[in-house]
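Fair warning: this is a prediction, and the values are worked out from it, not measured in the lab. Computation of the quantities below employed the complete heavy-atom set of this structure, encompassing side-chain atoms and omitting hydrogens, waters and symmetry-equivalent molecules. Just so you know, ligand 1 is whichever comes first in the structure, and atom 1 is the first atom listed for that ligand.
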Amino acid sequence: MEASSSKQGKFERISALFLRRRTVAVCVFAILTTCLVAGYYVQAAVTNLRSTHQSFNDRQLRNGYIAISDLHRLVLIIQEASLRGVMTDEAVADFRAASDFLFVRTDTFRQIQSGRSFLKEADDAIDALLRAQSVADEAIATDFRDLDGAAAALIAQTQTAREALVVYLDKMRQLQDGLLLGQTSAVENQRTVVWVTLLGLSVLGIAATALLRKEVMAKQARREAEERVRHLAFFDPLTGLPNRVQFQDRLTGLLVQRRRLALLLVDLDGFKQINDTYGHAAGDDILRHVAATLTPYCSSHDGFAARLGGDEFAVVCMTQDVPSLMQICDAIITAIARPIVFEGESVAVAASIGLATKAHLGGEVDLTVDGLTRVADFALYASKSDGKGKFTIYDEVLERQFLERRAMVEELPQAIADGSLEYYLQPKVDLVTEEVFGFEALARWRRNDVIVPPSVFISTAEESGIIADIDCTILSNATRDIADFNRRNGTRFSVSVNFSTLHFNSLKFVETVAQALIESGLESDLLVIEITETAEMQDWDKAKQIVSAIHSIGAKVSIDDFGAGFSSLAYLRTTVADEIKIDRSLVQDIETSDAARFLLDAVLDIARNLGLDATVEGIETRQQADIVLAMGARKAQGFFFDAPMPRDDALASAMASARPLLERPAS
Ligand code: C2E
Ligand code: MG
Ligand code: MG
């Protein structure tokens, strides 16, 4: 393992070495130097060869040999004549001819030699030939009178000339050898230069290719990184939609161009619960599904969709035609609500939309992205408060209502302090005996002698956090009042108090409940904590812990509005709860719809199987009560029995219609 990693390290070091520009420069320098040195040697060899070639000549060599034979012939003729003692005419003619030949040869020799570089051996040979020539000429000029003397002089001179020629010819042979040797070494040098050059060029080519490749790859990686950064800066990586920055830029551009347009703010309902129930991968799939749903509506109106963050989307449509915008909103809500399949399970989400057109901005003053977003936000808020899964078109009344609502909420701390935050009681009834066995405490705010329902202030109170004070106030008042009433009348009415899930983040909440029980003296099993679904649960483990802690002080926990939202099944993870309160949406059609009856029956079955108590909410007719009873449910609540009423009225009504409940077992 170590060896292979060291091998790899070595390889990396070598490749790094090759890839470095300086190394390549050194390589190039080395190769060029080698080529230059080799080139110098080749050049030197060629110069040498050329000068050798200058001195050496084939014809000269031949001339040398022929000159020797010419001399030899002269000597033979004169020797023969000397032996005979007479120089015949024929011999004279031969001698003359041989002498002429020698003359021509010597002259040719001299001429050839004069065009070449100086060679002492050649000069010596020419001198010797000329001397032999002059001896022959002398003999001819004296008509061979001293035949023996002429023969002796010619033999002597011929001998000298032959020796000089032999020396010369030897030199020529040496030059010939040198020429061959030089040619061979020049070819070898050339071969070396060619190899070195080829090798150098190959190394250079490899290095250059590697370097080029590295640079190209680095450039490509840089370009991709830049592209990615640019994409991240302007697009949401999960959905691929433009992000808030791009949304802001593009919408600003469109507003500056004074284009006619509308802004739809789309917010998912209960998205947090999807993440909690099915996991974040499902949440991501839902977000992608929403993005894919929104895109076609924008492109068909030259607009665009953007993800502003979390489960918040925006759609810009290039039209201000309200009827067609309403159609788009309807279509988007329907399309988003279409379930997707995640790991074999069908998962669905609802969406609320706030719609505002540029016309809603009125004057020029607010013609900004913030201005348009602000009004669309009011509309979205209205959709959310109006039960979700809806769209709302902005209007000024809406904004006024919203601002009034916010102003109202600002008054809430004072209302809690001066006791104008009251509660009404709605009876909970045993369907078999039709007796009231307990009540649900529901917040009411007496504001300027008008009763404000919780739908007006609960969600805003949750946003501001004041819900905690509201819940605790109602808990403490309701437990105190019911405990007093039970004490005075010998009854065992239970009381259910609604608590926002916001409390389920801290164990401190349990202390508050325990405190309320101690202060009121209410038997702890008569207190039911209803967890409302209005806020999203943050930490399920903590919630489970809190529910266990509530049990440990003897109180009960009920899951409110079961079946109304996505969280219902998620809540069941806290199986330590005692009861579910089945939402009235599951009841309202049971008289007319088989499917509704089937669903309610199934939910009651789930409760039974989990060992949970079930209270059916929203019973408005006798027929509904009968159907629910026939399904085996025992506990119910609804306008059919009684609407929420001021405390004293509710208690009086319960006492008037019901038998004393002293002997009833605890519910
Ligand atoms: P909830 O806890 O589900 O309370 C039942 C709601 O249904 C009450 O509305 C009640 O008036 C209404 N209701 C009861 N029977 C019927 C029926 O037969 N038909 C119809 N249509 N409605 C029926 P309310 O009092 O307006 O309360 C609304 C919600 O506000 C409550 O729903 C609860 O979630 C929340 N809430 C009320 N008081 C408090 C509180 O003190 N703290 C918290 N956190 N939430 C509260
Ligand atoms: Mg409730
Ligand atoms: Mg409810």
Side-chain angles (χ1 to χ4, degrees), residues 385-388 409 412 415-416 420-429 431 436 438-446 451-479 481 494-504 509 512-513 516 527-537 556-565 567-568 571 577 579-591 603 614-625 628 635-647 650:
S385 327
D386 200 24
K388 304 180 177 175
V409 172
L412 268 172
I416 296 167
S420 45
L421 186 83
E422 302 175 359
Y423 67 88
Y424 275 18
L425 288 177
Q426 186 178 28
K428 293 171 89 174
V429 175
L431 282 173
V436 174
F439 300 93
E440 177 174 5
L442 295 155
R444 295 291 183 270
W445 179 9
R446 188 177 296 278
I451 294 293
V452 183
S455 55
V456 176
F457 59 89
I458 289 288
S459 56
T460 325
E462 276 189 327
E463 281 163 25
S464 71
I466 191 130
I467 190 74
D469 292 344
I470 295 176
D471 290 350
C472 293
T473 306
I474 291 176
L475 169 76
S476 124
N477 293 346
T479 48
D481 295 344
S494 67
V495 64
S496 301
V497 183
N498 290 286
F499 270 86
S500 159
T501 44
L502 288 180
H503 296 281
F504 280 73
F509 161 64
T512 316
V513 176
L527 175 62
V528 182
I529 303 295
E530 289 192 11
I531 312 169
T532 64
E533 273 199 273
T534 40
E536 290 170 353
M537 189 74 86
K556 294 178 179 169
V557 174
S558 171
I559 297 168
D560 204 355
D561 300 337
F562 189 88
S567 58
S568 303
Y571 275 118
E579 178 198 58
I580 54 169
K581 285 190 81 179
I582 297 169
D583 192 71
R584 71 186 147 90
S585 59
L586 294 186
V587 176
Q588 58 195 13
D589 294 329
I590 52 170
E591 292 151 292
V603 171
T615 297
V616 183
E617 284 188 285
I619 302 284
E620 293 182 349
T621 63
R622 154 69 56 198
Q623 208 187 341
Q624 282 174 345
V628 168
K635 296 176 179 178
Q637 188 180 334
F639 291 169
F640 173 67
F641 306 107
D642 254 328
M645 283 181 285
R647 177 195 61 197

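- Under 3.5 Å, the side chains of Asn498 and Glu440 contain a donor-acceptor pair of N or O atoms.
- Contacts of Ile458 with ligand 1, taken as heavy-atom pairs under 4.0 Å, involve the side chain alone.
- Proximity of Arg584 to ligand 1, defined as any heavy-atom pair under 4.0 Å, is confined to the side chain (atoms from C-beta onward).
- For Pro644, no nitrogen or oxygen atom sits less than 3.5 Å from a nitrogen or oxygen atom of ligand 1, counting backbone and side chain alike.
- For the Mg ion (ligand 2), the N/O/S atoms of Glu617 include none lying under 2.8 Å.
- At a 3.5 angstrom cut-off on N or O pairs, Ile467 does not count as close to ligand 1.
- For a distance bound of 2.8 Å, the N, O or S atoms of Asn498 include one lying that close to the Mg ion (ligand 2).
- Side-chain polar atoms of Ser496 and Lys428 form a donor-acceptor pair below 3.5 angstrom.
- Contacts with ligand 1 closer than 4.0 Å are made by side-chain heavy atoms of Asp561 only, the backbone lying farther away.
- At a threshold of 2.8 Å, the Mg ion (ligand 2) has a backbone or side-chain N, O or S atom of Asp560 nearer than that distance.
- Ligand 1 lies within reach of Gln426, whose nearest heavy atom is under 4.0 Å from it.
- With a 4.0 Å heavy-atom cut-off, ligand 1 is reached by no atom of Gln637.
- Within the listing of ligand 1, atoms 16 (C), 17 (C), 18 (O) sit less than 4.0 angstrom from a heavy atom of Gly618.
- At a heavy-atom cutoff of 4.0 Å, ligand 1 is contacted by no atom of Glu462, backbone or side chain.
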